[in-house]
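Indexing begins at 1, ligand by ligand and atom by atom, following the structure's order.
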Amino acid sequence: MTTRLESLSEWVAGIARLTQAERVHWCTGTRDEYDEFVREMLARGDLLELNQDSYPDCYLHRSDPRDVARVEHLTYVCSDRKEDAGPNNNWMLPAEAREKMNGLFDGCMKGRTLYVIPYCMGPLGSPYSRYGVEITDSTYVAANMYLMTRMGDAALAEIERTGRFIRGLHSVGELDPERRFIMHFPEDLTIMSYGSGYGGNALLGKKCHALRIASYQARTEGWLAEHMLIVGVENPAGETHYLACAFPSQCGKTNLAMLIPPKSHRGWKVWTLGDDIAWMHLDDEGRLRAINPEAGLFGVVPGTNRHTNPNAYESIRRDAIFTNVALTAENDPWWEDKDTGEPVMDWQGRPYDPANGPAAHPNSRFTVSAKNNPSYSELAEAPRGVPISALVFGGRRRELTPLVYEARDWAHGVLVGATAASETTAAATGKVGVVRRDPMAMKPFCGYNFADYWSHWLSFENRSDALPRIFHVNWFRRDPDGSFLWPGFGENLRVLRWIIDRCRDRVDAVESPIGYLPEPGAIDTSGLDIELETMQELLSVDPEAWKQEMQSIGEYFQTYGDRVPQRLRAEHGKVLSALS
Ligand code: SAT
Ligand code: MN
């Protein structure tokens with residue numbers, strides 16, 4: 001027993017008995033311990049050493065080929081009542097789910113080490129931080145949790161002081177997709193995940209705790225747990241604004257959070273606070289303040305290069321775990337659009353043959369400490385977080401949605417978030433490129449009924465006069481030939497500038513049925529090779545197409561029945577009538 005907290009030692013003892021683990025290891029969170037995890041995995045072949053001259057302390061992990069993404073169809077929210085989980089979640093009765101999971105966990109750690117990982121989500125000592133303990137039989141998970149969270153003794157000390165922690169139980173099991181479930185019990189603050197070793201399914205601090213369970217807690221306690229990056233934009237005069245932006249997985253959150261100002265923007269700086277999750281609370285002045293509960297980055301590798309994301313490229317040159325990338329003859333990691341080197345071995349360890357598909361898996365990932373990033377902001381450690389000037393929603397849409405627009409007010413902004421949609425990506429198993437509704441980019445991550453979630457968002461309206469403004473962006477508009485209309489990446493700073501100018505009341509805007517749009521010329525395109533007509537196209541609203549969109553949104557809301565807040569329906573009605 002390595003804790004004086006009885007509820008924790010009893011839980012661990014009970015799980016060790018159930019799973020028949022051979023050993024129990026309490027993680028302390030030191031670098032030495034991490035190095036030991038790495039040595040063990042190298043010895044077992046769970047990790048491969050990469051070229052240590054070009055990639056010092058970097059390793060490659062190859063997943064089971066059937067275990068490379070989140071599995072939304074096997075992810076459940078088990079609340080007492082089905083309506084509380086809502087149509088946005090798969091649901092199972094808690095008792096039934098527990099029985100099923102206990103059956104799977106029975107004896108599953110025979111001959112394996114059970115790791116106990118106490119962790120803190122958020123800066124240690126922050127009033128906004130929350131704690132959890134993950135039990136896992138995966139050394140890969142323990143090593144990744146070291147990079148992704150504040151884990152070990154300091155977290156344990158705080159858990160022992162308060163007695164409060166989320167319980168997360170994980171086993172890779174047999175990695176059999178037929179015996180795989182990710183179960184959440186928000187009412188008991190418990191997570192049970194079996195049969196997958198992949199990121200979002202297995203690193204329980206991330207999506208399972210910091211989004212699904214935390215969103216449920218946030219609603220009862222009056223705050224927000226969101227799928228948002230947090231970025232600071234500093235102008236040449238030294239004035240910094242913080243933005244929190246929600247985009248679905250693989251829509252460029254990491255790129256925007258680490259943006260490097262283009263050459264045309266000398267004197268501008270961008271600071272990264274988080275690339276995936278924001279926890280936001282109202283402060284005494286009614287401002288929304290955000291912390292990043294995570295301490296590391298779990299980013300998509302393909303597409304990362306010196307031009308698209310130099311900070312990410314730099315971050316993964318040392319102390320990184322790569323998952324499912326390809327290898328070059330020099331034993332360097334390789335991925336599509338790396339812009340240097342050639343693959344000789346694919347992500348499955350086969351000699352590279354284009355006939356087998358991409359060399360790196362489209363959802364291959366890197367794990368690194370957030371501090372590796374050259375644009376890392378020290379304020380990511382600030383206990384009170386940073387004040388948010390603007391909230392930005394977005395998605396990947398070839399058509400329809402303009403480059404940027406602003407909601408009229410908070411309630412309209414909630415509608416804008418609630419009606420976001422995006423093309424599906426390789427981050428989850430299933431078809432890629434299909435447009436689906438993804439309210440607030442939380443479709444896979446909201447731990448309760450979306451209708452109640454929208455009510456919770458709306459409730460902030462009456463609690464503060466100093467709320468951030470709300471915007472929507474779309475970097476992914478294409479012309480009929482499929483080429484992107486907007487250059488994206490670093491040039492997105494031009495759009496962030498307009499957003500900040502709006503927050504400071506420094507620019508006017510054009511009113512449209514869907515919200516405020518930039519006046520012609522308001523987005524600085526100097527030095528950009530972009531036609532005036534293209535900008536017009538990017539900033540136009542097609543009333544007919546929008547009418548159809550709003551009608552389909554009305555149908556979508558119907559699936560949530562009369563739980564949809566009246567206020568949201570009213571906002572929807574206003575937009576529809578403005579379009580008629
Ligand atoms: O695998 S994760 O869920 O951690 C990454 C993502 O899909 O956003
Ligand atoms: Mn994400």
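Side-chain contact of D337 with N305: a donor-acceptor pair under 3.5 Å is absent, judged by distance alone. Counted by atom type alone, N201 and S196 present one or more donor-acceptor pairs between their side chains at under 3.5 Å. Neither side chain, S369 nor Y376, offers a donor N or O lying under 3.5 Å from an acceptor on the other. With 3.5 Å as the limit, one finds no donor-acceptor pair spanning the side chains of D64 and Y198.
Proximity to S249 (heavy-atom distance under 4.0 Å) selects the following atoms of ligand 1: 6 (C), 7 (O), 8 (O). Atoms of ligand 1 lying under 4.0 Å from at least one heavy atom of K207, given by number and element, are 2 (S), 3 (O), 4 (O), 5 (C), 6 (C), 8 (O). Close approach to F298 involves these atoms of ligand 1, each under 4.0 Å from a residue heavy atom: 1 (O), 4 (O). The distance from ligand 1 to the heavy atoms of R365 drops below 4.0 Å at these ligand atoms: 5 (C), 6 (C), 7 (O). Which parts of ligand 1 touch K206 is read off a 4.0 Å heavy-atom cut-off, strictly below it: atoms 4 (O). Residue G200 approaches ligand 1 through these ligand atoms, each under 4.0 Å from one of its heavy atoms: 1 (O), 2 (S), 3 (O), 4 (O). For ligand 1 and A427, the ligand atoms under 4.0 Å from any heavy atom of the residue are 7 (O).
Under the 6.0 Å cut-off for aromatic ring centres, Y131 and Y119 do not qualify, their centroids lying 6.0 Å or more apart. The ring of F37 has its center closer than 6.0 angstrom to the ring center of H25.
If you check which protein heavy atom lies closest to atom 1 (O) of ligand 1, you get Y198 OH, 2.6 Å.
By the 3.5 Å distance cut-off applied to N or O atoms, D276 is not counted among the residues near ligand 1. Residue contacts with ligand 1: R70 is placed with a nitrogen or oxygen under 3.5 Å of a nitrogen or oxygen of the ligand (distance criterion only). Note: no N/O pair closer than 3.5 Å links H227 and ligand 1 by distance alone.
The CG atom of L189 sits 8.5 Å away from atom NE2 of H209, with the distance rounded to the nearest 0.5 Å. The distance from the CD1 atom of I135 to the OG1 atom of T19 is 8.0 Å, given to the nearest 0.5 Å.
Looking at R31 and D35, a side-chain N of the basic residue comes within less than 4.0 Å of a carboxylate O on the acidic one, giving a salt bridge.
Backbone or side-chain N, O or S atoms of K207 reach the Mn ion (ligand 2) at under 2.8 Å.
When rounded to 10 degrees, the angle formed at the Mn ion (ligand 2) by NE2 (H227) and OD1 (D276) equals 90°.
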